[in-house]
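The structure under discussion appears below in the form of structure tokens.
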Amino acid sequence: SSTSTGGKSASGGGVYTTIDGLKPGLDVNGPINPWNPKGNMFQGYNAMKLGWKKNHLTDPNQFYPGIAASWDIAPDNSSITLHLQPNNKWSDGKPVTAEDVKLSIALAYTQGSTAFAITPGAAGAASEVEIVDDHTVKISQDMSNPSVTFVRGVMDSFVVPAHIWKDAVPADFWDKLKASRGEGAEAEKARAEITALSEKVLAFAPAKDVSAGPYTLERMNPGEALLVKNKNFYNAANVGPDQVKLLNYTGNEQIWNYLISGKLDNAPFTAVPADVMKRIGQTPGNAVVKGFSPVSVAMAFNQSKKPYDNVHVRRGLAYLVNRDEVTKIASPEGGTPALTTTGIHQKPAEAWLGGELSQLEPYKLDVAKAEKEFKEAGLKKTGGKWTLPDGKPWKFTINVPAPFSDWVSAAKAVTSQLNEAGVSAEVLTTADYPLYLEELSAGKYDVGFWLVALGPAPYNIYQRLYGASNGWTNLGGKIKHSAPGKDGNWMGSPETIDVEGVGKVNPGELTGKLNSAPEAEQKQIVSQLAKAANQDLPVIQLWDYVNTQFVNTNRFTGFPENESDLLRETSGVWIQLGMIKKK
Amino acid sequence: MTSDKRAPGVRISDLSVVYRTPAGELPAVRGIDLELVPGTITGVVGESGSGKSTLALSLLNAVQPPGRISAGSVEIDGLGDVVALGGDDLRRARGRHVGYVFQAAQSSLNPLKTVGKQLLDLGRSHDVEDLPGLVKEARSLLDRMGMDGARVLDSHQHELSGGMRQRVGIMLALVLNAHLVVLDEPTTALDMITQATILRIIREVHEERGLTTLVITHDLGVVAEVADRLAVMYGGRVVEQGPTREVLGDPRHPYTRGLLQAIPRLVGDIDEARALPGRPPTLGTIPADGCVFRERCAVRMDVCETGEPPVLTQGPRIVACHAADMGPEAVTEPAKERQTVTAGVGDTPTTGEEQA
Amino acid sequence: MTATTIMPEARTASATLRRNFWRGVWRVMKRKPSRMVGVVIMAGFAFMGIFGPMLYPERLPRDTSALYAAPSWAHPFGTDFEGTDVLALVVTGSRYVLLTGLVTAVITVVLGAGIGLFAGFRRGRWDSVLMRITDMKLTIPGLPLLLVLSTIWKFTSAIEMGLVLGLLGWGGVARAVRAQTLSLRERGFVEAARGLGLSTTHIIGKELLPSMAPYIAMNMLIAVTGAVYAQVGLFFLGVLPFEANNWGVMLNLAVFGGGALTTTAALPYLLAPLLAILLLTLGIVLVVDAMDEIFNPRLREE
Amino acid sequence: MTLIGVPGRSGVIAVARRLAGHLARGLVMILVVTTISFLIIRNIPGDPMAAKYEKLVEQGMSPEAAQQAVNVLYGFMPTGSMWEQYLDYMKGLARLDLGQSLTVPGTGVSTVLMSAAKWTLIPVLAGTLLSFLVGIILGVYAAIKRQGKLGDLLAISGSLLHGVPQYVLALLLGAIFTTLIPILPAGGTADIMFEPGFNAGYIGSLVQHATLPVVTYALASYGGWILAMKSSVVTVLGDDFILAAELRGMKRSIIFRYIARNAILPLFTILALSLGLLFGGAIFIERIFNYPGLGLMLIDSITGRDYALMGGAFLLITVAIIIANIAADLLYTVIDPRVRSGGEAA
Amino acid sequence: MITGKGITKTFRQRGGMLGGREVKALRGVDFTIEKGGAVSFIGESGCGKTTLGRILAGLESYDSGEIVIDGVPMSSLRQKSRQPHFRRIQLIHQDPYSALNPARTIHQTLDAPLSLRAKQTGRSRAWMEERAEELLSLVGLDPGYVLPRYPHQLSGGMRQRVVIARALTVDPDMLVADEATSMIDVSLRLGILALLKDLRDRLGVSVLFITHDVATARYIGLDGELYVIYRGQVVERGPVETVIADPVHPYTQSLLSAIPVLHGLEVPGEERVVPTEAVDPSQQDAACLFAARCPFRTERCVSELPVLGHDGGTLQEHACFHPQRRSVVATPAVQL
Ligand SMILES: Nc1ncnc2c1ncn2[C@@H]1O[C@H](COP(=O)(O)OP(=O)(O)OP(=O)(O)O)[C@@H](O)[C@H]1O
Ligand SMILES: Nc1ncnc2c1ncn2[C@@H]1O[C@H](COP(=O)(O)OP(=O)(O)OP(=O)(O)O)[C@@H](O)[C@H]1O
Ligand SMILES: [Mg+2]
Ligand SMILES: [Mg+2]
């Protein structure tokens with residue numbers, strides 16, 4: 001088959017072949033624009049951010065240097081001062097300066113990110129951007145509604161060359177921004193104007209790639225993109241590969257094929273069936289690096305539907321689902337069976353909860369306990385089948401989006417298990433993900449598969465369980481609760497829960513507090529919420545995702561180790577940090 | 001009557017053609033002896049299914065599968081036995097020696113090509129060196145038949161009327177200078193006036209070019225109009241043959257008589273006319289032995305059931321019938337025995353050589 | 001005249017046919033043993049569709065220690081992602097597939113033949129309107145439309161699925177039946193019936209339909225395959241609700257979940273439904289071939 | 001003497017007249033298709049925002065960043081009542097503006113379509129041409145040898161291939177050439193290491209990547225050709241003018257040409273229809289072989305709820321079919337003198 | 001009695017968007033047929049004979065003119081109520097092969113119209129059976145043999161008889177026989193002609209006989225009338241024998257001259273008009289339609305359209321400015 005020997009073959013540094021997991025589906029029509037979802041800027045390669053997030057279990061505010069070489073964070077999170085790389089130049093030779101950063105922040109405002117939100121009262125928004133000197137920028141937080149993730153929001157910003165992008169925003173942008181702060185028609189109008197810029201920015205298409213990253217885009221076709229080394233990059237001396245080939249993929253099976261043929265030096269994880277995994281392992285040089293990934297998949301209940309409003313039914317079901325088996329069938333490599341249900345991925349759960357974790361109910365497979373719970377809920381078993389309290393048949397239907405093969409397999413396995421235990425169960429798939437999500441949030445399903453535990457910030461984690469989908473909204477720091485079926489509340493948990501060993505809690509309010517509470521208090525809140533989730537079971541966590549990266553050590557070395565906090569960044573970041581070396 | 005030395009004679013002897021059917025091989029033409037005298041027009045008449053087309057195709061050894069010539073020979077002067085011919089020799093003979101005007105002349109042209117282009121194809125097929133000459137010849141032939149030759153050569157089939165197509169068919173049969181021409185149902189599906197014109201053209205061209213012509217038709221009138229000699233076919237046999245006027249004026253075979261009586265006429269007493277009883281046989285219903293006509297015959301005798309009718313010859317006239325009264329000088333050929341019957345018409349000398 | 005040379009054959013052909021239709025059928029079958037095979041295959045599928053699901057327990061057993069097991073005596077086509085016998089899945093899945101095919105075929109043929117007959121018989125304005133619609137229907141690409149439709153409409157039952165496929169698929173039949181009707185209409189016997197004042201119902205039901213019945217039957221068979229393909233295809237693309245024992249879903253899971261186009265483990269899982277489809281196609285092709293010869297004098301005489 | 005119609009001039013007029021009729025009908029057709037697709041597509045349920053968000057989150061984007069990315073997309077959602085949207089859409093269409101893509105924000109639908117179209121059009125045409133050539137040659141053979149075993153085999157294989165859906169062929173070919181004997185690439189258009197242009201490496205790579213799709217297209221339609229050609233040849237063989245040519249002593253080669261040309265003629269209408277079918281099949285083939293053509297794009301646009309792109313793709317496929325129909329008919333008109341002179345069609 | 005007055009019919013062939021060709025199939029045809037009478041229409045191909053037949057059988061509309069069936073003018077009726085009247089006129093198709101449904105036995109074929117009839121008149125099944133047998137016997141067929149058979153099991157002549165029997169099921173006033181014998185073997189042709197004549201005598205059915213073979217027209221009855229039609233216009237009409245023996249229109253003369261002479265049995269007429277073939281019919285209307293082909297045309301012929309009449313004191317009506325008797329028909333030869 002085609003090996004990359006033709007054309008301008010790389011000398012010395014060689015060609016590094018990988019897949020950008022953040023941008024599946026390369027699009028030749030995409031502009032060279034980092035904000036465009038199909039833009040041809042690839043994080044870590046030719047798209048640069050101020051810094052690169054570390055994948056820390058509990059602290060969201062740790063970064064590797066990017067455009068910023070270092071940074072000082074005020075102790076109360078009220079500001080961050082960025083010190084740019086001193087000798088950094090754009091690929092066209094112009095230096096990277098504080099002006100570039102400021103313009104990039106202006107652009108970020110049009111895109112409405114968390115740190116640069118223009119919504120009044122938004123949590124963790126920046127209030128001021130100040131050029132201290134050519135290479136220093138200070139950004140302050142609006143402390144009226146602070147967030148622990150403010151710094152993260154700032155660092156997670158793209159930086160583009162001002163001399164190329166300056167026309168994307170009007171000259172009076174900063175005045176407009178100032179005007180947009182506050183109340184009244186004036187501010188309203190300014191905000192509308194800024195939002196209206198978003199489309200223009202998104203469609204902005206520079207003629208050629210001018211990058212401050214280790215690479216610039218050379219050319220692309222529908223299947224691949226070719227990046228070549230940027231001699232002006234600040235750490236160019238340590239950048240290993242001369243060229244990077246990014247492969248497109250539309251289906252997982254494509255990645256499997258690439259991996260088996262040993263083409264890829266690195267690939268992010270995709271669901272891989274066991275046999276394929278075996279074959280991948282047989283290819284010389286292929287290796288798997290595993291680390292933490294703050295995502296879990298769960299079965300989520302719609303508590304507006306009977307009998308799922310009854311916590312005993314949910315618990316009974318939890319006892320009947322063999323999570324080990326489900327994980328083995330559905331995602332043996334990409335996940336580890338959830339130890340229990342806390343709403344948190346097990347790794348950070350250990351960090352947050354420590355010993356408390358073992359005190360939570362693990363919901364191991366236990367038919368007897370399940371029967372007890374079902375009976376408690378008033379369900380009846382007749383002729384080996386469980387029926388509703390009123391004697392009507394109980395049909396457990398679980399919904400999954402059809403394109404997610406691992407979820408479909410998992411759902412199938414769950415229903416098979418339940419059927420064996422006398423619960424009539426079946427899988428219903430929905431044609432595609434958008435439809436699935438719409439119907440899920442419209443409360444059309446009894447039970448559906450859902451991603452939870454989206455970390456690392458505990459606020460994000462619990463907002464998933466006790467946020468908008470469960471009725472709680474955070475408006476300018478104020479928490480409000482809507483009734484089930486209203487304002488996107490499809491989960492329908494009660495507003496307060498009586499948690500054993502804690503007492504009555506309002507999980508939504510607790511979650512809201514997580515955003516600004518100091519670390520010690522956060523720990524306490526997390527513990528309470530974990531208990532609540534464990535007892536009340538708004539979802540049953542099935543497996544926790546494992547960040548599994550494939551690497552091939554035949555051509556390059558220096559890949560991150562297992563559990564490295566770099567595993568969630570692209571290999572472009574590894575390369576620019578000088579890790580990847582030619583063999 | 002002018003006779004051209006180049007007009008070939010044809011001797012068909014004991015010709016049999018069979019078709020393969022689910023019921024086995026059945027003869028469509030059986031034991032036919034017929035001679036085409038050089039320079040004459042011979043007409044073959046018979047009702048549908050009597051084997052006329054099959055006979056005509058045999059003249060070019062072109063019986064289409066699932067049919068085949070199972071016995072007999074077709075000797076053409078200058079060509080030899082066509083039945084024995086094959087491959088390229090046979091192909092060259094077609095067109096050059098024997099011109100054939102197709103039964104369905106209406107659709108005997110390639111619908112996608114102009115007549116002229118098909119003419120050139122024909123020329124190339126027969127290695128004609130002088131293609132412009134060929135076109136000139138074709139044009140003059142068409143002009144001769146009362147058409148604008150140049151324009152016709154430039155036309156597609158669908159732009160020509162039935163009569164014009166038929167003339168183009170005749171032109172294509174003659175343009176390579178064939179002197180034996182076979183016309184299968186040349187006027188079927190043409191209206192009366194066109195038919196008359198075509199018949200006149202056949203007659204004139206025949207004489208001008210000195211041809212030996214075979215006209216096949218189901219219409220006695222057509223034969224009567226053009227043919228010198230006439231052969232009447234029934235159930236795959238020739239039941240009667242002789243000079244046209246004599247046969248029509250004094251039919252000897254009961255079938256010929258019946259047929260003549262059944263033809264509506266413009267003059268005379270209509271009450272004399274009557275239909276033949278019964279219906280003509282088809283391939284499957286032709287009796288295997290005995291007289292093929294006996295079922296409908298008014299003068300049928302016991303012997304007709306089993307005995308092959310004897311072939312009676314009297315001068316130029318030949319009849320195959322048990323009941324035919326040919327007078328004292330008649331020569332009787334015992335049935336089933338192969339014999340070449342020679343018959344001359346008027347002053348035309350007999351040229352055929354018996355037995356190869 | 002071409003007509004006169006061909007027609008007698010047609011007549012003799014239909015002659016033998018009418019006289020002893022079944023004997024003729026038998027002869028045609030005997031001529032090529034492959035046709036017998038076709039009939040056997042079709043019968044097999046019919047049996048499978050009707051009785052297949054009864055041969056297995058309602059919940060197919062699974063064996064989580066043998067995921068994607070290789071073919072063996074116990075599992076001739078191996079097992080699937082959760083250790084269920086693939087053959088059992090194919091057999092139990094056949095009912096849905098075939099039922100859809102049947103429903104589609106019936107709708108296609110009823111609609112197609114109905115519209116074709118009506119347009120061809122009425123001619124004039126009705127004809128042009130209906131044929132414009134038919135042309136339009138034929139021009140709109142069916143599969144893309146189905147894809148888009150499937151996002152709106154969940155085809156939860158085989159009947160519903162068949163209904164939609166039928167509603168989308170009648171165009172070809174309508175056009176063909178119309179052409180036939182138009183030509184038959186010119187035939188003397190239809191004109192004669194009109195001249196005698198016989199009702200339109202009589203003309204269509206007694207004079208036209210019987211002449212077209214074989215043709216329609218053949219179209220129906222072809223429609224069955226078309227429906228099976230479309231439906232399995234949609235499931236394969238994953239745009240329809242999940243059914244474990246459905247051929248299309250099997251294909252989907254084999255390729256996109258099991259990596260059948262990457263490694264060999266899931267290959268039997270992929271091949272089993274493919275084989276079923278191929279076999280069904282073969283059966284229908286052979287039967288249609290036989291029907292063709294039974295009903296088409298031109299091919300018969302060869 | 002009758003000569004109805006002079007070939008030259010009336011021919012041109014006939015072609016022009018037919019063309020005018022076709023164009024008028026095609027326009028109506030396009031209007032109807034766009035309206036239908038508009039209605040269907042705008043009624044598709046599903047929240048593209050939520051889907052995008054979840055997808056990004058799953059891919060590892062932080063929830064905030066994902067939310068940010070998604071918010072931006074809102075600007076591209078169509079607004080206003082259905083009727084206003086329809087009018088806007090139609091107005092745009094009149095200006096050949098198909099709107100903005102949602103999956104590639106800021107890019108015109110027509111740009112996206114055009115870049116995808118070539119990856120469908122070229123393989124489909126190549127496959128069709130290949131199968132057409134092979135199919136008609138074997139079809140003639142099957143017709144001539146129709147009594148023999150080989151002819152039988154050809155006919156049955158033709159029916160079988162004709163009957164088998166494209167995805168079955170694609171899956172089988174894929175299983176064989178990417179799984180069992182992995183000698184062909186399973187996706188993409190060309191290796192990026194080759195500079196695009198007229199160099200052996202690039203073209204070789206293109207060909208290599210296109211092999212599986214093209215072969216599938218070819219195999220899928222080959223059966224149809226062989227069957228159609230066979231029956232067409234059998235019909236022509238029975239035509240009187242062939243026998244007449246034989247009786248005039250025409251050379252076999254010339255007769256063969258007569259047969260071939262007359263037999264191919266009716267196949268042109270099928271050609272147009274088959275192109276339409278192939279476009280449908282492109283969805284499967286491109287999905288299975290990950291080939292970035294219109295089919296794959298249509299699936300993507302459906303899952304991404306990219307209304308404008310979906311409608312555009314739909315329209316493009318329909319227009320392609322209409323054009324193919326018109327082209328086939330005009331070709332027919334040019335080749336068949338009967339139609340050309342405004343007379344009866346064959 | 002059935003009469004037609006000034007029946008015209010123009011076919012417009014559709015030729016796409018920019019108009020099409022017009023064919024004037026009938027240009028004001030008048031005729032009268034008495035009960036039990038016979039009228040023959042002769043003319044060459046495409047002159048409108050079939051069109052006229054189909055119009056009379058109600059299978060085709062006509063543009064203008066009036067058809068009166070048994071005193072009821074059709075124009076006074078609405079479309080729906082015309083049908084029963086037109087049903088009294090039955091068309092016998094030229095092609096007996098296609099006129100019978102190959103999939104239905106003769107019994108079934110006859111049953112359909114008979115049961116309709118039985119329903120209308122409240123008669124029983126037995127009557128239907130009886131009637132079927134009666135009709136078949138009437139047309140000279142053996143009901144026992146024919147009834148259970150399929151059309152293909154019968155000869156052309158028998159089929160044509162069945163077709164006639166089927167037409168008789170509705171007790172028609174008139175049969176329109178459109179070249180009813182042209183596809184039947186010569187030896188059987190006369191039988192059908194005789195049958196038609198017989199039906200006239202026995203049932204009083206009138207016969208409209210359409211043919212291009214003049215001779216057959218005689219066999220329907222010498223008492224009949226002969227209409228010679230050219231390009232949709234009747235150019236000569238009169239008693240059969242008169243028109244055959246003493247034609248005055250050059251077109252009639254051409255037609256009669258074109259009939260092949262059975263040399264040996266007949267002697268050709270002395271004044272045979274050498275017929276010319278058809279010409280492109282795109283000529284102006286204000287001229288004799290036949291002028292372009294007429295060997296005797298004068299100035300007047302190309303500037304004026306002659307109408308049917310007895311000009312020149314002829315027995316028959318004709319549409320010619322220069323009527324002249326010519327003896328064109330062959331006469332019997334003295335037997336050898
Ligand atoms: N291809 C064939 N297969 C079987 N039988 C055939 C075939 N062609 C002709 N026959 C039979 O051979 C007999 C003679 O046929 P032929 O065509 O020679 O008759 P014909 O006298 O030319 O009839 P027509 O007047 O209809 O042209 C007929 O009974 C016919 O059915
Ligand atoms: N349905 C039709 N559409 C268009 N033109 C027609 C139609 N029917 C008949 N014509 C034309 O009307 C004219 C008269 O046709 P008609 O069939 O009545 O002639 P005919 O005398 O019966 O001819 P033939 O002897 O060939 O049967 C012809 O020029 C014919 O082409
Ligand atoms: Mg013949
Ligand atoms: Mg007619």
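Proteins get letters first, then strands, A, B, ... in listed order; numbering begins at 1 in each.
- In plain terms, the two heavy atoms of E:Pro102 and C:Phe189 that are nearest each other are CD-CE2, 3.7 Å.
- For chain C, the nearby part of E:Leu100 is the backbone; its heavy atoms alone come within less than 4.5 Å.
- Using a 4.5 Å cut-off between heavy atoms, E:Gln83 does not touch chain C at all.
- In C:Lys206, the NZ atom is not crowded: 12 or fewer heavy atoms of neighbouring residues, nucleotides or ligands sit closer than 6.0 Å.
- Every residue meeting the salt bridge (charged side-chain N to carboxylate O under 4.0 Å, His left out) condition with C:Arg178, not counting sequence neighbours, appears here in chain and number order: C:Asp127.
- Contacts of E:Thr109 with chain C are absent, with no heavy-atom separation under 4.5 Å from either backbone or side chain.
- Taking chain C as the reference chain and counting heavy-atom pairs below 4.5 Å, the highest number among E:Gln90, E:His93, E:Gln94, E:Gln108 is found for E:Gln90.
- For E:Arg117, no part sits under 4.5 Å from any heavy atom of chain C, backbone or side chain.
- Interface residues of residues 193-200 of chain C toward chain E, defined by a heavy-atom distance below 4.5 Å and sorted by number: C:Arg194, C:Gly195, C:Leu196, C:Gly197, C:Leu198.
- Distance check, rounded to the nearest 0.5 Å: OG of E:Ser98 to CD of C:Glu191 gives 9.0 Å.
- Contact annotation for E:Arg104: only side-chain heavy atoms (C-beta onward) come within less than 4.5 Å of a heavy atom of chain C.
- The minimum heavy-atom distance between C:Ala192 and E:Ala99, with the atom names listed, is CB-O, 4.4 Å.
- C:Arg122 CZ: 12 or fewer foreign heavy atoms inside a 6.0 Å radius.
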